[in-house]
Amino acid sequence: MVDQPGTTSRHSAARWSPAEPVIVGSVLGADYAQLGEEVANLTNAGVGRIQWDVMDRRFVPNMTFGPDVVAACRKYSDLPFEAHLMVQDPDPMLADFVAAGCETVIVHAETCPHLLRTLAAIRELGAQAGVAVNPSTPLGFVRHVLDHLDEIVIMTVNPGFGGQRYIPAMEEKVSEMRALVDGSGRAVQIEVDGGISTATAKAAWCAGAELLVAGSAVLSHPGGKQKAVAELHRAMAPPPPEQ
């Protein structure tokens with residue numbers, strides 16, 4: 001049973017149960033002078049994927065890295081890579097990021113006037129196709145592209161910066177998306193991105209997310225990345241059965 005659209009699961013127990021939520025390690029905020037080692041350390045810490053936050057200083061205020069950097073770091077991890085293209089014109093970049101070693105490419109609905117065409121192009125390149133939606137973007141379009149989607153990312157902050165505060169109101173959107181996916185019977189994964197920490201991870205997971213992007217909470221943890229990932233998983237663990 002899933003939460004119905006228009007409700008929030010912030011203070012409830014999980015109403016759906018994937019085998020285990022997956023922590024996606026973001027390299028945004030990593031030490032760029034040692035990026036390969038940072039990717040290796042995230043891998044050893046127990047994350048399930050590595051996310052590359054690609055920014056162009058047009059769609060979002062900051063600029064990060066291109067496909068050559070991703071390709072140079074590919075040898076440091078055998079985990080799946082996903083490129084989150086927070087860029088104004090993603091289409092010319094798709095092939096380069098797939099060639100760099102990204103198994104999933106995520107574009108923003110807000111930047112793709114021909115979204116079906118863009119998603120189809122990603123799949124034709126042999127990668128999984130994802131779409132991200134900003135906090136203010138409604139989900140009405142999603143039912144028309146589910147056949148072309150492998151992943152949808154609900155932004156729980158406004159994109160462009162690391163270390164932002166999680167927006168709890170987005171849990172309602174996650175629950176709405178969970179109901180849409182489950183009702184369709186399609187294997188579309190739901191990811192949340194922004195402000196994920198031990199204080200917010202369980203609420204996002206309970207709302208219906210199965211992939212949780214963590215950047216600052218892992219990279220800046222005083223006890224190290226492995227401890228950070230372990231704490232995130234513990235934060236989402238179900239309570240012990242009553243005696």
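Fair warning: this is a prediction, and the values are worked out from it, not measured in the lab.
- Under the 4.5 Å side-chain heavy-atom criterion for ILVMFWY residues, no single connected hydrophobic cluster contains both Val107 and Val157.
- The shortest side-chain heavy-atom distance between Thr104 and Arg49 falls under the 4.5 Å cut-off.
- In terms of hydrophobic clustering, with Ile, Leu, Val, Met, Phe, Trp and Tyr side chains grouped at heavy-atom distances under 4.5 Å, Ile50 and Val54 are assigned to a common cluster.
- One finds the CD1 atom of Ile23 at 11.5 Å from the CG atom of Leu42 (value rounded to the nearest 0.5 Å).
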task = Given side-chain contact (heavy atoms from CB on, under 4.5 Å), test Ile154 with Val133 step by step and report yes or no.
result = CA-CA 6 Å; Ile154 307 297; Val133 291; 3.8 Å; yes
Evaluate the criterion salt bridge (Lys or Arg N to Asp or Glu O under 4.0 Å) for residue pair Arg178 and Glu210; output intermediate values, then yes/no. CA-CA 10 Å; Arg178 172 52 55 195; Glu210 54 212 289; 2.7 Å; yes
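- Evaluated for a side chain to side chain contact (heavy atoms under 4.5 Å, CB included) with Glu82, the options Glu103, Gln128, Glu151 yield exactly one hit, Glu151.
- A chain of hydrophobic side-chain contacts below 4.5 Å, direct or via other Ile, Leu, Val, Met, Phe, Trp or Tyr residues, connects Val27 to Leu85.
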Name the atoms and distances for all side-chain donor-acceptor pairs under 3.5 Å in residues 213-225, with sequence neighbours left out.
residue	atom	partner	partner atom	Å
Ser216	OG	Gly163	N	3.3
His221	ND1	Gly223	N	2.8
His221	NE2	Glu231	OE1	2.8
Lys225	NZ	Glu38	OE1	3.0

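- Shortest non-hydrogen contact noted between Phe81 and Gly101 is CB-O, 3.6 Å.
- In terms of heavy atoms, Tyr166 sits closest to Gly195 at CB-O, 3.5 Å.
- Taking every heavy atom of both residues into account, Leu232 and Ser197 meet most closely at CD2-C, 3.4 Å.
- In this structure, the side-chain contact (heavy atoms from CB on, under 4.5 Å) partners of Arg123, at least two apart in sequence or on a different chain, are Ala129, Asp150.
- Side-chain contact between Ile122 and Phe97 is absent, with no heavy atoms from C-beta onward closer than 4.5 Å.
- Within the 3.5 Å criterion, the main-chain N or O of Arg58 finds a donor-acceptor partner in the side chain of Asp56.
- Between the Ser175 side chain and the Glu172 main chain, no donor and acceptor come within less than 3.5 Å of each other.
- Distance check: Ile152 CD1 to Gln189 CD gives 12.5 Å after rounding to the nearest 0.5 Å.
- Between Val60 and Pro159, the shortest heavy-atom contact is CG1-O, 3.6 Å.
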Only distances under 3.5 Å count here; give the side-chain donor-acceptor pairs of residues 61-73 to other protein atoms, sequence neighbours excluded, each with its distance to 0.1 Å.
residue	atom	partner	partner atom	Å
Asn62	ND2	Gly160	O	2.7
Thr64	OG1	Asp53	O	2.7
Thr64	OG1	Met55	N	2.9

Can you give me every donor-acceptor pair (side chain of residues 87-94, partner residue at least two apart or in another chain, under 3.5 Å) with its distance?
residue	atom	partner	partner atom	Å
Asp91	OD1	Thr118	OG1	2.9
Asp91	OD2	Thr118	OG1	3.4

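- Remark: Met236 CE to Thr200 OG1 distance equals 9.0 Å, nearest 0.5 Å.
- To the nearest 0.5 Å, the span separating CG on Asn41 from CD on Gln34 amounts to 8.5 Å.
- The two atoms that bring Val192 and Ala209 nearest to each other are CG1-CB, 3.7 Å, heavy atoms only.
- We find the CD1-CG distance between Ile190 and Leu212 to be 11.0 Å, quoted to the nearest 0.5 Å.
- Hydrophobic clustering of Ile, Leu, Val, Met, Phe, Trp and Tyr side chains at less than 4.5 Å, counting indirect connections, keeps Val24 apart from Tyr76.
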Under 3.5 Å, which donor-acceptor pairs do the side chains of residues 139-147 form with other protein atoms, sequence neighbours left out?
residue	atom	partner	partner atom	Å
Asp147	OD1	Arg186	NE	2.8
Asp147	OD1	Arg186	NH1	3.1
Asp147	OD1	Arg186	NH2	2.8

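- Ala109 and Val131 make their closest contact through N-CG2, 3.6 Å (heavy atoms, listed as atom of the first residue, atom of the second, distance).
- Taking Ala132 as the reference, His84, Ile106, His108, Val153 meet the side-chain contact (heavy atoms from CB on, under 4.5 Å) condition, with sequence neighbours excluded.
- Using a distance-only test at 3.5 Å, with no hydrogens or angles considered, no donor-acceptor pair links the side chain of Thr156 to the main chain of Ile167.
- One distance of note links CD of Gln164 with CG of Asp193; it measures 10.0 Å at 0.5 Å rounding.
- Hydrophobic clustering (ILVMFWY, side-chain heavy atoms < 4.5 Å, transitive): Ile196 and Trp52 are in one cluster.
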